[in-house]
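Whatever order the structure lists them in is the order used to number ligands and atoms, beginning at 1. These figures come from a predicted structure and were not determined experimentally.
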Amino acid sequence: MNILVVGGGGREHAIIKGLKKSKKADVIYAAPGNGGIAHDAICVDIAATDIEKMVEFAVNNNIDFAVVAPDDPLVLGMVDALEDKGIACFGPKKNAAVIEGSKAFSKELMKKYNIPTAEYEIFDNAEKALEYIETAAIPTVIKADGLALGKGVIIAETRQQAKDAIVSIMMDKQFGKSGDKIVIEEFLTGPEVSVLSFTDGKTIVPMISSMDHKRALDNDKGLNTGGMGTVAPNPYYTEAVAEECMNKIFLPTVNAMNSEGRSFKGCLYFGLMITENGPKVIEYNCRFGDPETQVVLPLLQSDLLEIMLAVSEERLESTEVKFSDKNACCVIMASEGYPLSYEKGYEITIDKDVLDDIYIAGAKLSDGKLLTNGGRVLGITAVADSLPEAIELSYKKVNKVHFDNAFYRKDIGKRALKAMEE
Ligand code: AMP
Ligand code: GLY
């Protein structure tokens, strides 16, 4: 089969490495891919959001199957456009991707179908939002309705911070039209769990759970980032929690989307918080997580392409989805200064024996050399029998990768280890 993977980050690199293992995979293209992905796929210089060019490329190159990985092309309707030309896809259509594309939509969905989530109010008028804040419980959480590169959530510790957030999102349009509406939400506490799932709209199969580390610095200090590392499975996701999530969250969400005429097919990502009152949904994503994918897919024992085809053809129920009972840890190496400003263009060297475990996110090829070209540069994953071993091994592998101005968190997995001792 000729396969096209849309996107160009570490997540896409992990998906491509997974697809490559399938006997059915012949040629794999990545659009746009990156200098590291070029090791495993043919990179095509088309922006992930350029629907017209992507469809043209897919048609002209006899693509049999397309995996649309990032949120923005999904929300823009790339799957609809490819399917219109007869190209089978993994990923939700536009009317289902709205589960991530609009936080107001997802909150209303959860309220209507009794899916546990934080209490909230929606505002499309800044003055009304500012008035509401005068008496709201603090801390509170302000969320831009639309996509905002993962930066649209502000935890306000004071009333003034909440007001500043409203002004910057709704009036100064920090995230453009994504801030035309906001959600103001109850502040919840508890450990967070990411659960990615395969669903074809009929059956839902959760993948192994994982834990992201979103802050830039050790001990969850510093700014929010796209994610600085992950471990899987997540020790907070016990069997009892998993069962509760399946009954109260996963199945009800799939059914709710069907009832709304928005059947979801693809990877549905549940960002959960395990509160004192049980698991609650913090966010839905309409795609694989990054860097969750870099620990989840290395633990998948079944054929990824077969599963994706089964999702697309709505026969997931009769398809094997098996994970190993090992543990995985991924450490992200970033450029010093990320998520704010950072320098690019430093040569990356990687010892050959760890190449298979590296997922390149921000790098480009120049005269045969791999150069840093982004904030998050790459992720290194180790799989081992136990979590402590996986963590230790991933940091050993970090020492086999070099570039100037590199920085990474030294405590990925520490919270998970603590949870296991509790
Ligand atoms: P998101 O971009 O939706 O993943 O949100 C970013 C982070 O904000 C989440 O991973 C949580 O740590 C935090 N967060 C979002 N909503 C809430 C909430 N209602 N209460 C507490 N923390 C939250
Ligand atoms: N790692 C969080 C996300 O992919 O949204």
For Gly226, take its heavy atoms, then give the atoms of ligand 2 lying under 4.0 Å from any of them.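 That gives atoms 1 (N) of ligand 2.
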Fit a plane to each ring of Tyr408 and Tyr395, take the angle between them on a 0 to 90° scale, and name the class: parallel (under 30°), tilted (30 to 60°) or perpendicular (over 60°).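 If you compare the ring of Tyr408 with that of Tyr395, the planes turn out tilted.
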Nearest to atom 23 (C) of ligand 1, what protein heavy atom do you find, and at what distance?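 Protein heavy atom with the smallest distance to atom 23 (C) of ligand 1: Ile155 CD1, 3.7 Å.
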To the nearest 0.5 Å, what is the distance between NE2 (His213) and OG1 (Thr230)?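 Going from NE2 on His213 over to OG1 on Thr230, the span is 8.0 Å.
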Name the closest protein heavy atom to atom 12 (O) of ligand 1, giving the residue it belongs to and the distance to 0.1 Å.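 Ranked first by proximity to atom 12 (O) of ligand 1 is Glu192 OE2, 2.4 Å.
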So which bit of Glu119 gets within less than 4.0 Å of ligand 1, heavy atoms only: side chain, backbone, both or neither?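 It is neither part, as no heavy atom is under 4.0 Å.
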Is there any N or O on Glu283 that sits under 3.5 Å from an N or O of ligand 1?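 The answer is yes, given that Glu283 and ligand 1 share an N or O pair closer than 3.5 Å.
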May I ask you to identify the nearest protein heavy atom to atom 17 (C) of ligand 1, giving residue, atom name and distance to one decimal place in Å?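 Looking only at protein heavy atoms, the one closest to atom 17 (C) of ligand 1 is Ile282 CD1, 3.6 Å.
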Distance from Ile307 atom CD1 to Met207 atom CE, nearest 0.5 Å?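 If I round to the nearest 0.5 Å, the distance is 8.0 Å.
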Sub-4.0 Å atoms of ligand 2 with respect to non-hydrogen atoms of Gly289: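 In order of number, 4 (O).
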Looking at the rings of Phe288 and Tyr269, which for Trp means the six-membered one, are their centres under 6.0 Å apart?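 Phe288 vs Tyr269: aromatic centres not under 6.0 Å.
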Can any side-chain N or O of Glu292 pair as donor or acceptor with the backbone N or O of Asp290 at less than 3.5 Å?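 Checked: pair present.
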Ring centroids only, cut at 6.0 angstrom: are Phe407 and Tyr338 within range, meaning strictly under it?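 No, too far apart.
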By number and element, which atoms of ligand 2 are closer than 4.0 Å to a non-hydrogen atom of Asp212?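 Near Asp212, the atoms of ligand 2 are 1 (N), 2 (C).
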Is a side-chain donor-acceptor pair under 3.5 Å present for Asp303 with Ser22?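 A donor-acceptor contact under 3.5 Å links the two side chains.
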Distance only, no hydrogens: is a donor on one side chain within 3.5 Å (strictly under) of an acceptor on the other, for Ser335 and Lys344?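 On atom types as modelled, these side chains do not qualify, holding no pair under 3.5 Å.
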Which of the ligand 1 atoms, numbered from 1, are nearer than 4.0 Å to a heavy atom of Phe187: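 Under 4.0 Å from Phe187, ligand 1 has these atoms: 20 (N), 21 (C).
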Element-labelled atoms of ligand 1 that are located less than 4.0 Å from some non-hydrogen atom of Lys103: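 Near Lys103, the atoms of ligand 1 are 3 (O).
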Evaluating non-hydrogen atoms only, which member of Thr140, Val153, Val183 is closest to atom 5 (O) of ligand 1?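 Ranked by closest heavy atom to atom 5 (O) of ligand 1, first place is Val153.
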Regarding ligand 2, does Glu283 bring an N or O atom to under 3.5 Å of one of the ligand's N or O atoms?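 Among all N and O atoms of Glu283, none is under 3.5 Å from an N or O of ligand 2.
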Go through the side-chain N and O atoms of Thr381 and Gln294 and say whether any donor and acceptor fall under 3.5 Å apart.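 The answer is no; no qualifying pair exists.
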Roughly how far, to the nearest 0.5 Å, is NZ of Lys143 from OG of Ser178?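 Between Ser178 OG and Lys143 NZ, I get 14.5 Å after rounding to 0.5 Å.
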Any atoms of ligand 2 less than 4.0 Å from a non-hydrogen atom of Asn285? List them with their elements.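 Numbered from 1, ligand 2 contributes 5 (O).
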Give the C-alpha distance, both sets of side-chain angles, the deciding distance and a yes or no for side-chain hydrogen bond (donor to acceptor under 3.5 Å, both in side chains) between Ser102 and Asp145. CA-CA 5 Å; Ser102 166; Asp145 176 51; 2.8 Å; yes
Return the residue, atom name and 0.1 Å-rounded distance of the protein heavy atom closest to atom 16 (N) of ligand 1.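 Nearest neighbour among protein heavy atoms for atom 16 (N) of ligand 1, to 0.1 Å: Lys143 NZ, 3.0 Å.
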Protein non-hydrogen atom below 4.0 angstrom of atom 7 (C) of ligand 1 present: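 No, there is no protein heavy atom closer to it than 4.0 Å.
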One residue to check: Tyr269. Relative to ligand 2, which of side chain, backbone, both or neither has a non-hydrogen atom less than 4.0 Å away?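 Answer for Tyr269: side chain.
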Of all the non-hydrogen atoms in the protein, which one sits nearest to atom 19 (N) of ligand 1, and at what distance?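 Checked against all protein heavy atoms, atom 19 (N) of ligand 1 sits closest to Glu185 OE2, 2.7 Å.
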Phe123 vs Tyr132 aromatic rings, parallel, tilted or perpendicular, using cut-offs 30° and 60°?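 Rings of Phe123 and Tyr132: tilted, 30 to 60°.
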Counting the benzene-type ring for Trp, do Phe90 and Phe65 have ring centres under 6.0 Å apart?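 Ring-ring flag for Phe90/Phe65: false, centres at least 6.0 Å apart.
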Taking distance alone, with N or O pairs closer than 3.5 Å, would you say Leu188 contacts ligand 1?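 Yes, since at least one N or O of Leu188 sits under 3.5 Å from an N or O of ligand 1.
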Using a 4.0 Å heavy-atom cut-off, which part of Glu292 comes near ligand 2: side chain, backbone, both, or neither?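 Side chain only.
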Proximity to ligand 1 by part of Glu186, non-hydrogen separation under 4.0 Å: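 The answer is the backbone of Glu186.
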Got the closest protein heavy atom to atom 5 (O) of ligand 2, with its distance?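 Ranked first by proximity to atom 5 (O) of ligand 2 is Arg287 NH2, 2.9 Å.
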